[in-house]
Trainee: 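Below are the C-alpha cells for one structure; questions will follow.
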Amino acid sequence: MAFKPFDLTGKVVLVTGGNGGIGLAMAAGCAAAGADVAIWGTNAAKNAAAAEKLRAHGTKVAAFEVSVIDEAAVADGFARTIQALGRVDACFANAGIGGMTPSFMELGLDEWRRVMAVNLDGAFLTLREAARHMTLRGGGGSLVVTGSLAGIEGAARNEHYGASKGGVLSMMRAIAAELGKDGIRCNSVTPGWIETDMTELLFNNPRFNDRVMPRVPVRRWGKPEDFAGIAVYLASDASRFHTGDSIVIDGGYAIF
C-alpha cells in the first residue's frame, strides 16, 4: 500500500471560527484531504456560506452556531458535532477577536475581559471539551490553537490581545505535557501578518505597509490559504510524534 501520511479519510476535524479567514482555510484544507469537517461560528449566514464551499470537496460537513465564551453552548455544540459526525479526531480552537487601545493606560477592564473571554477562555472551553471526548473515546487525537506573534513579541497598544495569545501558547504546552500519555498531541499555530477581516485596516494602510512589509523576507502579507497545509499536517498521522510546539507561519517576519 502506498504511504499516504496526509490522507485524512475517515477522520473528523472541528474548527471553531471556521466560517472565514484562517479557520475556513484550515477547514478547507482538511476537507480537501478527505476529512469530514465541522465548523463553529456565531454568524448563521457565514456558517451556511462556508459550509456550502466546504461541501464542494465531497466530504461530510456540519456547521453550528456556537459562542465559545459560553460553557454550556460549547458542551452542547460538541455534543451536536459528535451526533452529526460521530467523533472528533482533531480540534482547532481558532475562534478569536482583536482589540487595540490608544494606550495601555487607557485600556479598560471591560475591553480586557472582552478579548480574554474569546481568545483565552473560549480556547480553554473548546479544548477541554475535545480532550474529554478524546480521552473517553481512546485512540488519541490532535488539539491545535491559533496563537499570534503578539503572544511572543511586544505588541504596543495590544496588551490584552498579546496576553490572551501568550496564555494559549502556555496552556497548550501544559496540555501536551499532561495528555501525551493518552496519545493526544497539542500544538499551536502562530500566524504573523495575515490578510483577514481582522487586519483589514492595517492591510489597507500604505504607511503601515511601507514600514512592516520590508521586514517580511517573502515580501508579502500572508493569506488564509497559507494555513491549509499546516492544518492537514497537524490533523494527520504525519504529526503523530509532534507535540508541545508553536509553529510560526509568518513569512519569516519573526527572524528578520
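Along the sequence shown, residues are numbered consecutively beginning with 1. Please read these numbers as outputs of a predicted model, since none were measured by experiment.
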Trainee: Would one find more than 12 heavy atoms of other residues, nucleotides or ligands at under 6.0 Å from atom CZ of Arg114?
Mentor: yes
Trainee: Could you give all pairs that pass the side chain to side chain donor-acceptor pair (under 3.5 Å) test and reach residues 52-70, with sequence neighbours left out?
Mentor: none
Trainee: Other than Phe241, which residues form its hydrophobic cluster under the rule that side-chain heavy atoms must be closer than 4.5 Å?
Mentor: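 Under the 4.5 Å side-chain rule, Phe241 groups with nothing.
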Trainee: If we only count heavy atoms from C-beta on, is the Leu127 to Val168 side-chain gap below 4.5 Å?
Mentor: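 Not in contact.
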Trainee: Main chain of Leu169, side chain of Ser188: is a donor-acceptor contact present, judged purely on distance under 3.5 Å?
Mentor: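 No: the side chain of Ser188 does not pair with the backbone of Leu169.
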Trainee: Tell me every residue that passes side chain to side chain contact (heavy atoms under 4.5 Å, CB included) with Phe64, counting only those two or more places apart in sequence or in another chain.
Mentor: Trp40, Ala62, Val66, Arg80, Thr81, Ala84
Trainee: Quick one, Leu149 and Val248 - any side-chain contact, counting heavy atoms below 4.5 Å?
Mentor: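 Side chain of Leu149 against side chain of Val248, heavy atoms only: contact under 4.5 Å found.
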Trainee: Restricting to side chain to side chain contact (heavy atoms under 4.5 Å, CB included), what partner residues turn up for Ser148, sequence neighbours left out?
Mentor: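 Side chain to side chain contact (heavy atoms under 4.5 Å, CB included) list for Ser148, sorted by chain: Ala150, Tyr161, Lys165.
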Trainee: Would you sort out whether Met134 and Leu179 count as a side-chain contact (heavy atoms from CB on, under 4.5 Å), showing the intermediate values?
Mentor: CA-CA 10 Å; Met134 291 174 183; Leu179 298 185; over 6 Å; no
Trainee: Any side-chain heavy atom of Val68 within less than 4.5 Å of one from Glu129?
Mentor: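 Not touching, per the 4.5 Å side-chain cut-off.
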Trainee: Can you see whether Asn187 engages Asp245 through a side-chain donor-acceptor pair at a distance of less than 3.5 angstrom?
Mentor: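 Note: Asn187 and Asp245 side chains miss the donor-acceptor criterion.
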Trainee: Between Leu143 and Ile184, is any pair of side-chain heavy atoms under 4.5 Å apart?
Mentor: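 Side-chain contact under 4.5 Å: yes.
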Trainee: Could you tell me whether the side chain of Arg137 reaches within less than 4.5 Å of the side chain of Ile82, counting heavy atoms only?
Mentor: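 No. Closest side-chain heavy atoms not under 4.5 Å.
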Trainee: According to side chain to side chain donor-acceptor pair (under 3.5 Å), does anything in residues 26-37 pair up with another residue at least two apart or in another chain? List the pairs.
Mentor: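 Of all non-adjacent pairs touching residues 26-37, none passes side chain to side chain donor-acceptor pair (under 3.5 Å).
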Trainee: Quick one, Leu24 and Ile39 - any side-chain contact, counting heavy atoms below 4.5 Å?
Mentor: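 Side chain of Leu24 against side chain of Ile39, heavy atoms only: no contact under 4.5 Å found.
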Trainee: With a 4.5 Å cut-off on side-chain heavy atoms, are Phe208 and Trp193 touching?
Mentor: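 Contact flag for Trp193/Phe208 side chains = yes.
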Trainee: Report yes if the side chains of Glu178 and Ile175 come closer than 4.5 Å at any heavy-atom pair, otherwise no.
Mentor: no
Trainee: Relative to the ring of Phe203, is the ring of Trp221 parallel (under 30°), tilted (30 to 60°) or perpendicular (over 60°)?
Mentor: perpendicular
Trainee: Examine distances only and state if a side-chain atom of Thr243 and a backbone atom of Arg185 form a donor-acceptor pair shorter than 3.5 Å.
Mentor: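 Here the side-chain-to-backbone pair does not exist.
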Trainee: May I have the step-by-step check of side-chain contact (heavy atoms from CB on, under 4.5 Å) for Glu71 and Arg128, ending in yes or no?
Mentor: CA-CA 10 Å; Glu71 185 173 15; Arg128 185 184 64 176; 2.6 Å; yes
Trainee: For Arg215, which residues count as a side chain to side chain contact (heavy atoms under 4.5 Å, CB included) partner, sequence neighbours excluded?
Mentor: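 Result, side chain to side chain contact (heavy atoms under 4.5 Å, CB included) vs Arg215: Tyr253.
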